[in-house]
Amino acid sequence: MVRENWHNKKRHWRLAMSWSFIALIGLSVVDIILGPADVPIDEIIASLVGNSSNPTWQSIVIDFRLPKVLTAISVGIALSICGLQMQTLFRNALAGPFVLGISSGASLGVAILIMGVGFIQIPLNSFTTVTAACLGALLVFMVVLFLSYKVKDTTSLLIVGLMFGAAVGAIVSILQYFGNPDEIQSYLVWTFGSLTGVNWSELSILIPIVVIGFVMVLVLASPLNIVLLGDQYASSSGINLNLIRYMVITITSLLAGTVTAFCGPIAFIGIAVPHISRLIFNTSDHRQLVPLVALTGSSVMIVCDILSQLPGMVQVLPINAVTSIFGAPLIIWLIVRRKNLQAF
Amino acid sequence: MSEAKTILKAQNLTIGYGKKTIQSGLEISLIEGEVVCLLGQNGVGKTTLLQTLAGMILPIGGSILIRELEFGDYSRLELAKTLGIVTTEKITAAGLTVLEVLMSGRYPHQQWMSSPNDTDFEAIHKAVSLTKIKYILDSKLTELSDGQRQKVMIARALVQDGDIILLDEPTAHLDLNNRVEIIRLLRDIATDQKKALLISTHEVNLALQFADKLWLMDFGEPLVQGTPDDLLNSGKLNRIFHTKDFEYDFRTGKISLNDKTK
């Protein structure tokens with residue numbers, strides 16, 4: 001009897017996984033096909049297998065569109081599993097890397113690096129950017145986690161997150177005030193968020209980090225289910241709660257920091273995608289939810305990227321604008337449907 | 001009838017948190033097949049005692065032995081296999097289904113990242129039959145009534161398959177039917193499954209009927225233990241509850257006010 005219920009549950013999950021995977025592949029194909037330059041579909045396939053007759057098209061597909069799709073997938077996976085872990089650890093439906101100021105922390109790290117570089121003489125490259133962003137994220141996460149023990153309720157914690165955002169914004173303004181125009185320019189461009197600026201060599205850093213983070217969250221899936229039941233049940237089930245907390249902090253800072261370093265602060269994916277997945281797939285079991293959230297996150301990111309390319313225009317909207325325009329109403333809708341926020 | 005075994009034994013135990021000592025010199029033990037009810041007013045330290053015995057709060061002094069082995073000799077997972085809890089902690093965030101919650105109780109028994117095996121399914125099956133929660137197996141925890149949820153958490157403690165189950169006010173917020181049902185369920189679990197149960201509760205009359213032993217806690221007084229009859233007849237039960245302004249018949253639950261104006 002119990003076994004059948006369990007296998008039913010697994011069968012539903014496999015079906016959900018298959019559909020999500022098909023959706024992701026389909027959306028990725030659409031994303032590669034669409035773009036300001038009209039590349040014929042047969043030429044896209046030819047470019048992908050490496051025998052295109054037109055070097056420009058070959059370059060568009062291989063050096064621009066393919067990395068962009070891979071970046072969108074990586075960013076989607078990273079931010080959404082960050083959000084999932086944080087919501088479980090804080091047992092708070094509104095937790096997410098952006099809302100609780102983790103992304104702001106990463107921004108601060110990058111701001112100091114870009115605009116303070118004149119004083120501290122650190123070379124500005126992808127490695128130092130990633131390190132600065134991760135350190136900034138880690139710093140904020142530790143403070144937020146510490147404060148979450150002091151203030152137990154949702155509202156206070158969110159206000160703390162907002163305050164972090166405000167404080168970081170102020171520090172960044174001060175840095176801008178003293179910065180030179182070039183630095184300010186490059187920082188501002190970075191804050192818009194972009195999936196297009198990531199090249200193959202940067203992907204070779206981004207993808208392994210996302211893979212490592214994803215595997216670590218999979219390892220944490222079973223304990224995270226029990227963390228959802230509360231601290232007492234968790235510790236009486238033989239779980240080392242502190243270890244889980246440190247692991248979640250590490251993974252989240254690493255993932256959110258890296259993504260923020262390469263693509264700028266991208267809002268709402270972290271908080272919204274876990275809710276979208278729970279709503280669609282009707283499960284809170286982390287063993288099932290972690291892969292589903294990763295697939296949903298990458299699909300959502302690709303949809304946002306498709307939407308950011310306005311049809312018939314050469315310009316591309318900043319990705320952060322697109323995620324916010326769709327993410328903000330979604331969160332408001334979720335809050336209005338309060339019932340669903342409490343049971344996550 | 002074979003001789004009942006002592007599963008948990010606390011010697012010269014001092015409990016409290018931080019610098020605050022709540023009880024000292026405790027000599028208590030839990031015996032298989034027995035239900036012990038822990039009675040006392042709010043704030044007297046029932047939860048602290050429970051959490052200390054569960055290993056969630058460190059004792060200030062003394063020792064706790066489980067099956068003759070020091071507490072500290074158990075790893076987290078071994079302890080979880082020996083001792084389960086049902087707490088008053090409100091579960092606010094679990095969209096988990098009953099089956100998923102029960103499966104999480106098998107955590108200490110499962111290999112790292114492995115799928116559930118026959119033993120896991122059997123343990124869950126047994127707990128589900130005992131607590132009669134088959135019909136809600138696929139419901140989400142948040143959709144359940146308080147009584148149903150309490151049964152699920154008791155089933156989860158059973159699934160964990162320890163010899164000791166500690167329950168903190170398992171009948172709080174329940175209506176009479178559910179209270180009696182839960183207490184009877186716990187009584188049967190202790191007797192049939194040979195578990196040692198410690199239940200903190202305010203249900204004095206239910207405790208008197210169903211418990212093998214009572215532990216009475218009072219502010220600044222040593223813990224009193226004995227069988228329900230002894231404690232009732234000796235008047236110790238009345239003293240614990242400081243029934244100065246009213247007479248309380250613990251057997252019938254009848255309250256008669258003392259008229260002070262006379």
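Letters A, B, ... mirror the listed sequences (proteins, then strands); counts begin at 1.
- Heavy atoms closer than 4.5 Å to chain A are found nowhere in Thr82(B), neither backbone nor side chain.
- By the 4.5 Å heavy-atom criterion applied to side chains, Ile91(B) and Tyr233(A) are counted as neighbours.
- Here the side chains of Leu295(A) and Met17(A) are in contact, with some heavy-atom distance below 4.5 Å.
- With a 4.5 angstrom heavy-atom cutoff, Leu79(B) does not touch chain A via any of its atoms.
- Side-chain contact between Leu137(B) and Leu102(B) is present, with heavy atoms from C-beta onward closer than 4.5 Å.
- Within the 4.5 angstrom heavy-atom criterion, atoms from both the backbone and the side chain of Asp118(B) approach chain A.
- Of the residues considered (Arg156(B), Glu78(B), Lys81(B)), Arg156(B) shows the highest number of contacts with chain A, using heavy-atom pairs under 4.5 Å.
- Ranked by heavy-atom pairs under 4.5 Å with chain B, the first of Asn225(A), Asn5(A), Leu218(A), Asn282(A) is Asn5(A).
- Chain A forms the most heavy-atom pairs under 4.5 Å with one residue out of Gln160(B), Glu122(B), Met103(B), and that residue is Met103(B).
- Residues Thr88(A) and His286(A) bring a donor and an acceptor atom of their side chains to less than 3.5 Å of each other.
- Using a 4.5 Å cut-off on side-chain heavy atoms (C-beta onward), Thr201(B) and Leu38(B) make no contact.
- In this structure, the side chains of Ile85(B) and Asp168(B) stay at 4.5 Å or more apart for every pair of heavy atoms.
- Of all residues in residues 237-247 of chain A, those placing a non-hydrogen atom less than 4.5 angstrom from a non-hydrogen atom of chain B are Ser237(A), Gly238(A), Ile239(A), Asn240(A).
- Under the 30°/60° scheme for interplanar angles, the aromatic rings of Trp6(A) and Phe121(B) are found to stand perpendicular.
- Of the inter-residue distances, the one linking Cys82(A) atom SG with Gln87(A) atom CD reads 11.0 Å to the nearest 0.5 angstrom.
- When side chains are defined from C-beta on, Ile81(A) does not count as touching Val273(A), because their heavy atoms never get closer than 4.5 Å.
- Ser80(A) and Pro274(A) get closest at one heavy-atom pair: O-CG, 3.6 Å.
- Here Leu99(B) is the residue among Leu99(B), Ile124(B), Thr97(B) with the most heavy-atom pairs under 4.5 Å with chain A.
- In terms of non-hydrogen atom pairs under 4.5 Å with chain A, the most contact-rich of Val86(B), Val128(B), Leu166(B), Leu83(B) is Val86(B).
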